[in-house]
Amino acid sequence: MPELPEVQTIAAGVNARVRGDRITSVWLGSKKEPFKTPASQMQSGLGGRKILEVRRVGKHIVVDLGSQNPSGDRGKTVQAQWIVHLGMTGRLLVSSPEAEKAPHTHATVELRSGKELRFVDPRRFGRLAYYELGQNEAFKGTGDEPLTVTPTRFVDIFKGRKTPIKAALLNQKLLQGVGNIYADESLFRAGIRPRRMAGRLTHAELEKLRVALQTVLREAIALGGSSVSDYVDADGVKGFFQLEHRVYLRTGEPCLACGETIRRILIGGRGTHFCPTCQR
DNA sequence: CATTTCACCTGGTGGC
DNA sequence: TGCCACCAGGTGAAAT
């Protein structure tokens, strides 16, 4: 489910429902797979902490946590962070304890209010991590944020790159948050072929791409993201941006702009959809 | 270092 | 109905 608009939607929904709550206990399923931090360390570290805020960084959900001591967190100092990456099929759900546990539930976080945060992920590509912020820096992610990147910076990011622009858009060390759907959709709106070498795009083309990308991401956030199969937000509500897709998963269908047949190719092993007429 | 390929997983879909 | 190939929102390690 998760590219920037979906992660943004989920983080905002979870934030609205658990901000200010306190973690009472943590259950972690399979002891290894999804955990970048040892399960025992994550479990004891999370226990007792107050949830200060839930937000998005790239494709990560960042849960800012206060003190484990109930009387010691009147300040809003972030002392630890729980990082949730949803992979391809991950979900972060706010549930009531009596709600049936979905298959592939790998973590359950119980809260003082009685609610539960549940991490569900059939394909197990998602990851959980826990960091304490001593001298360590707060989690920043790996690249520039697509929604706020400036024109100059956007040009710099792709300068000299010999990789196809589609692959560069998916590289989280360059821009963080763009995935397969929004890469294809933004390239269509910018009229750029996905195989074009990133470093050979003109400044004008790159600026067109930057604006297209930001427009697509903002529209998708406004519609709650794209529900391609079973994606739902924290409240179990589907997104509607899939209805606005112009090329993604439309192989063989007519281009909505010119009628040409939408083609599908592989770039970096990812299905890539484009209109051969509209995109040059 | 930059780039490319592939393994990691489960589940849904469509052809035969 | 069953079986099989193929496809899917993403990374990160290994090879080139």
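Quick note on labels: first sequence line is chain A, next is B, and so on, each numbered from 1.
- In this model, no donor atom of one side chain and acceptor atom of the other lie less than 3.5 Å apart for Q79(A) and E132(A).
- The distance from atom NZ of K173(A) to atom P of dC1(B) is 9 Å, rounded to the nearest whole Å.
- For F125(A) and dT11(C), the ring-to-base geometry does not satisfy the stacking test (centroid distance below 5.5 Å, interplanar angle below 30°).
- For the pair R123(A) CZ and dA7(B) P, the computed distance is 14 Å after rounding to whole Å.
- Checking dC9(B) for Watson-Crick or G-U wobble geometry (two distances, each under 3.5 Å) identifies no partner in any strand.
- OP1 or OP2 of dG10(C) has not a single side-chain nitrogen or oxygen of Q172(A) nearer than 4.0 Å.
- For an aromatic pair to be called close, the ring centres must be under 6.0 Å apart, and F241(A) with Y182(A) satisfies this.
- Residue-level contact check: R270(A) touches the bases, meaning some heavy atom is under 4.0 Å from a base atom.
- Close to dG10(C), at under 4.0 Å from its OP1 or OP2, lies no side-chain N or O of H85(A).
- Remark: K36(A) is not positioned above the aromatic ring of W82(A), lacking an NZ or CZ atom under 6.0 angstrom from the ring centre and at most 45 degrees off the axis.
- For the pair H245(A) NE2 and dG9(C) P, the interatomic distance rounds to 10 Å; values are reported in whole Å.
- Counting any heavy atom pair closer than 4.0 Å across all strands shown, G269(A) reaches no nucleic acid atom.
- Comparing L170(A) and G271(A) along DNA chain C, the residue whose closest nucleotide (by nearest heavy atom) sits nearer the 5' end is G271(A).
- Closest approach to the P2(A) side chain among dA8(C), dG10(C), dT3(B) is made by dG10(C) (side chain taken as heavy atoms from C-beta onward).
- Look at T89(A) and you won't find any side-chain N or O under 4.0 angstrom from OP1 or OP2 of dG11(B).
- For the pair L217(A) CG and dG9(C) P, the interatomic distance rounds to 16 Å; values are reported in whole Å.
- dG9(C) makes up no base pair with any nucleotide shown, lacking Watson-Crick or G-U wobble contacts both under 3.5 Å.
- Nearest to the side-chain atoms of R124(A) among the listed nucleotides dC7(C), dG10(C), dC9(B) stands dC9(B).
- Comparing the same atom, P, in dC9(B) and in dA14(C) gives a spacing of 15 Å after rounding to whole Å.
- If you chain together hydrophobic residues whose side chains sit under 4.5 Å apart, V155(A) and L175(A) fall into the same group.
- Applying the 4.0 Å criterion to OP1 and OP2 of dT11(C), one finds that K59(A) has a side-chain N or O inside that range.
- Looking at F154(A) and H203(A), their side chains never come closer than 4.5 Å, going by heavy atoms from C-beta outward.
- Distance CG (L174(A)) to C1' (dA2(B)): 11 Å, rounded to an integer number of Å.
- One interatomic measurement links the two molecules: CZ of F158(A) to P of dT3(B), which rounds to 12 Å at whole-angstrom precision.
- Look at CD1 on I265(A): it is 14 Å from P on dC7(C), rounded to the nearest Å.
- Between H273(A) and D184(A), the side chains place a donor N or O and an acceptor N or O closer than 3.5 Å (distance only, hydrogens not considered).
- Look at H104(A) and you won't find any side-chain N or O under 4.0 angstrom from OP1 or OP2 of dC9(B).
- Nearest nucleotide to the side chain of S226(A), out of dC7(C), dG9(C), dT3(B): dG9(C).
- Across the protein-nucleic acid pair, I267(A) atom CD1 and dT3(B) atom C1' stand 14 Å apart, rounded to whole Å.
- Here, dC6(C) and dC6(B) have their P atoms 15 Å apart, quoted to the whole Å.
- Under 4.0 angstrom from either OP1 or OP2 of dG9(C) there lies at least one side-chain N or O belonging to Y248(A).
- Counting non-hydrogen atoms under 4.0 angstrom, F241(A) reaches nothing in the nucleic acid.
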